[in-house]
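Only one structure is covered here, and it is reproduced in the block below.
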Amino acid sequence: MPGQQKRKRSRERAHRRAAAVRGHWEPLFSTQVQTEMKEYVRRLCSEREISPECVRIDQFCGRNTHPSTYRVSVFVPESSA
């Protein structure tokens with residue numbers, strides 16, 4: 001399937017990051033419009049100065065009764081206090 005290697009590398013990068021730094025993924029935004037999601041991620045990275053590596057985009061594929069949904073999450077490391 002086209003693009004499968006790219007997704008696999010992306011998952012491996014996320015697993016390495018999770019192993020190096022303890023924390024969790026906090027959902028910030030959800031939409032059914034791809035352009036709206038892309039604009040939100042662009043603003044998130046520029047305004048909050050968040051690294052693109054700390055942003056995760058999940059796509060929940062839908063069918064006729066449930067349209068596809070995009071969810072944007074950001075990695076929040078655990079505090080060492």
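Few gaps surround CZ on Arg43; more than 12 heavy atoms of other groups in view lie less than 6.0 Å from it.
Under a hydrophobic-cluster definition in which Ile, Leu, Val, Met, Phe, Trp and Tyr are linked whenever side-chain heavy atoms come within less than 4.5 Å, directly or via other members, Ile57 and Leu28 are assigned to the same cluster.
Going from atom CE of Met37 over to atom CG of Leu44 covers 12.0 Å, rounded to the nearest 0.5 Å. We find the CZ-SG distance between Arg48 and Cys54 to be 11.5 Å, quoted to the nearest 0.5 Å. Atoms CD and CZ, on Glu53 and Phe75 in that order, are 11.5 Å from each other to the nearest 0.5 Å.
The salt bridge (Lys or Arg N to Asp or Glu O under 4.0 Å) contacts involving residues 64-73 comprise Asp58-Arg71, where partners must be two or more places apart or lie in separate chains. Applying the ring-ring contact (aromatic ring centres under 6.0 Å, His included) test to residues at least two apart or on different chains, none of the pairs has a partner in residues 48-72.
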When you look at Val55 and Cys45, which way does the side-chain contact (heavy atoms from CB on, under 4.5 Å) test go after all the steps? CA-CA 9 Å; Val55 176; Cys45 291; 4.2 Å; yes
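The nearest pair of heavy atoms linking Cys61 to Ser68 is CA-OG, 3.8 Å.
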In a table with atom names and distances, give each donor-acceptor pair under 3.5 Å that connects a side chain of residues 29-36 to protein atoms at least two apart or in another chain.
unit_1 : atom_1 : unit_2 : atom_2 : d
Thr31  : OG1    : Val33  : N      : 3.2
Thr31  : OG1    : Glu36  : OE2    : 3.0

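Side-chain contact between Val74 and Trp25: absent, with no pair of heavy atoms (C-beta onward) separated by less than 4.5 Å.
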